Amino acid sequence: MKQHVHLKKLVLFCLLALASYCAGTGIGFLHSYFQEPSVSETSSQVSENWGLSFQKEGERPIGNADILELSALNAAYCEDTNEKVIYLTFDCGYENGNTEIILDALKKHNAPAAFFIVGTFLRDHPDIVKRMADEGHTIGNHTWHHPDMSSISTESSFCKELESVESLFEETTGQKMSPYYRPPQGKFSTANLEMAKNLGYYTFFWSLAYVDWYEDDQPTAEEAYEKLLGRIHPGAIVLLHNTSSTNAGIMDELLTKWEEMGYHFAPLSDLVTHQL
């Protein structure tokens with residue numbers, strides 16, 4: 001009986017000792033082992049899709065990151081200005097007969113634009129790219145394969161996607177490619193933006209776009225005007241797709257309507273000079 005009581009006291013003592021340990025260093029160890037990684041430890045690796053929240057018609061939307069945060073990484077989604085300036089940009093993944101119609105409208109209005117091209121577009125349609133360059137447009141880098149760049153963890157692999165386009169562009173046009181980059185699908189991480197900056201690139205998102213990329217499900221002209229006129233704002237970077245038949249059909253009139261609203265068009269190099 002005495003042995004049984006002694007054993008119970010021993011077990012109780014051990015439990016109290018364990019509780020005392022856990023209240024100190026033990027809990028600290030368990031906490032550090034099971035704790036979620038802190039934001040500061042993982043934020044550079046977190047993949048995001050670029051997104052916007054529109055607050056009021058005619059005013060700048062709120063982006064995933066603010067202007068100052070992006071500027072520190074040589075990136076932008078608009079210009080912080082009250083000037084009625086528009087930066088026109090087009091993503092070029094492939095050709096289906098609409099690009100040159102868009103170029104005709106831009107030429108008519110003397111409107112500079114930036115065309116973010118993928119490597120296969122450059123490879124398959126060098127004459128169109130040469131025309132873009134000859135008519136004073138900016139040619140930006142949209143990578144060779146259009147992958148999710150936020151999944152690329154090494155700077156060498158990141159660099160390869162961009163350098164392959166740079167090299168072919170210089171070989172095709174005899175010109176250096178502008179160091180302007182747009183992440184495919186708008187997918188990015190802070191680490192990617194830092195990689196682009198380290199390679200001498202400026203990254204451009206957008207403050208106005210609409211669903212114009214489904215070739216077989218194009219918006220009507222009315223739907224396009226509703227978005228593109230209603231949401232335009234000073235300093236906007238507008239993202240459009242060269243494959244859109246709607247864009248080709250409305251481009252001349254769209255540019256006219258924006259001009260009637262008091263807007264003018266500028267190259268991305270102006271935004272770099274002013275803000276980045």
Side-chain angles (χ1 to χ4, degrees), residues 70-79 85-95 99-100 102-104 106-107 109-147 149-150 152 154-188 191-206 237-243 265-276:
L70 290 173
S71 181
L73 293 165
N74 283 0
Y77 79 99
C78 62
E79 183 177 7
V85 58
I86 295 172
Y87 298 98
L88 290 170
T89 71
F90 295 84
D91 284 3
C92 301
Y94 60 95
E95 177 55 31
T99 307
E100 296 207 82
I102 291 170
L103 285 169
D104 290 342
L106 294 172
K107 185 175 183 180
H109 289 261
N110 195 29
F115 290 88
F116 288 92
I117 60 173
V118 298
T120 50
F121 181 90
L122 173 59
R123 180 196 66 199
D124 298 340
H125 303 283
D127 290 342
I128 294 178
V129 176
K130 287 178 185 177
R131 178 183 171 184
M132 293 171 180
D134 289 344
E135 294 183 357
H137 299 296
T138 300
I139 313 299
N141 203 323
H142 205 34
T143 74
W144 186 273
H145 296 103
H146 202 266
M149 293 290 277
S150 67
I152 295 178
T154 66
E155 191 167 300
S156 60
S157 297
F158 189 92
C159 180
K160 186 176 180 180
E161 276 290 336
L162 299 175
E163 280 193 339
S164 53
V165 184
E166 285 179 31
S167 299
L168 184 56
F169 178 80
E170 186 171 355
E171 180 185 323
T172 301
T173 66
Q175 302 177 26
K176 290 282 188 182
M177 187 172 227
S178 297
Y180 300 160
Y181 159 66
R182 172 162 286 157
Q185 307 170 60
K187 293 184 177 180
F188 71 101
N192 289 158
L193 298 182
E194 289 172 345
M195 288 178 192
K197 180 180 179 181
N198 291 341
L199 294 170
Y201 270 88
Y202 296 92
T203 301
F204 291 97
F205 296 102
W206 56 89
I237 296 179
V238 180
L239 163 61
L240 301 169
H241 286 81
N242 70 307
T243 54
F265 311 103
L268 283 178
S269 56
D270 282 9
L271 190 154
V272 171
T273 300
H274 299 160
Q275 187 168 296
L276 299 179

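Just so it is clear, the model here is predicted, and its values are computed rather than measured. Along the sequence shown, residues are numbered consecutively beginning with 1.
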First locate atom [atom1] of [X], then atom [atom2] of [Y], and finally report the distance between them rounded to the nearest 0.5 Å.
X    : Y    : atom1 : atom2 : result
E170 : T172 : CD    : OG1   : 10.0 Å
K130 : H125 : NZ    : NE2   : 14.0 Å
D104 : L106 : CG    : CG    : 9.0 Å
K160 : W144 : NZ    : CH2   : 11.5 Å
L271 : F204 : CG    : CZ    : 5.5 Å
D127 : E100 : CG    : CD    : 8.5 Å

Side-chain touch Q175/F169, heavy atoms, less than 4.5 angstrom: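 A side-chain contact under 4.5 Å exists here.
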Student check: side-chain heavy atoms of V129 and P126 closer than 4.5 Å: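 No, their side chains stay 4.5 Å or more apart.
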Working for side chain to side chain contact (heavy atoms under 4.5 Å, CB included), residues E163 and L199: CA-CA 10 Å; E163 280 193 339; L199 294 170; 5.7 Å; no
Of all heavy-atom pairs between [X] and [Y], which one has the smallest distance, and what is that distance?
X    : Y    : value
L88  : A111 : CD1-CB, 4.3 Å
N192 : M149 : OD1-O, 3.1 Å
Y94  : N242 : O-ND2, 2.9 Å
P183 : F205 : CG-CE2, 3.8 Å
G200 : P179 : O-CB, 3.3 Å
S157 : I152 : CB-CG2, 3.6 Å

Within the distance-only criterion (no hydrogens, no angle test), does the side chain of [X] pair as donor or acceptor with the backbone N or O of [Y] below 3.5 angstrom?
X    : Y    : value
T89  : I237 : no
N74  : T203 : no
K187 : P147 : no
S178 : Y180 : no
Q275 : C78  : yes

Non-neighbouring partners of Y77 that pass ring pair (Phe, Tyr, Trp, His ring centres under 6.0 Å), sequence neighbours left out: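 Checked Y77 against ring pair (Phe, Tyr, Trp, His ring centres under 6.0 Å); matches are W50.
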Matching residue for E161 among T143, V118, N141 - test: side chain to side chain contact (heavy atoms under 4.5 Å, CB included):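 Per the side chain to side chain contact (heavy atoms under 4.5 Å, CB included) rule, the option paired with E161 is T143, out of T143, V118, N141.
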Candidates R123, R182, M177 - the one meeting side chain to side chain contact (heavy atoms under 4.5 Å, CB included) with I117: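 When side chain to side chain contact (heavy atoms under 4.5 Å, CB included) is applied between I117 and each of R123, R182, M177, only M177 qualifies.
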Close aromatic pair by centroid cut-off 6.0 Å: Y181 and F158: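 Ring centroids of Y181 and F158 are less than 6.0 Å from each other.
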F90 and F115 aromatic ring geometry - parallel, tilted or perpendicular at 30°/60° bounds: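 Taking F90 first and then F115, their aromatic rings lie parallel (interplane angle under 30°).
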Plane angle bin for H146 and H142 - parallel if under 30°, tilted between 30 and 60°, otherwise perpendicular: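 Aromatic pair H142/H146 classed perpendicular.
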Residues forming a salt bridge (charged side-chain N to carboxylate O under 4.0 Å, His left out) with E155, sequence neighbours excluded: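 Salt bridge (charged side-chain N to carboxylate O under 4.0 Å, His left out) check on E155 returns nothing, list empty.
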Neighbour count >12 (heavy atoms, 6.0 Å) for atom CG, N110: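 Check fails, neighbour count at 12 or below.
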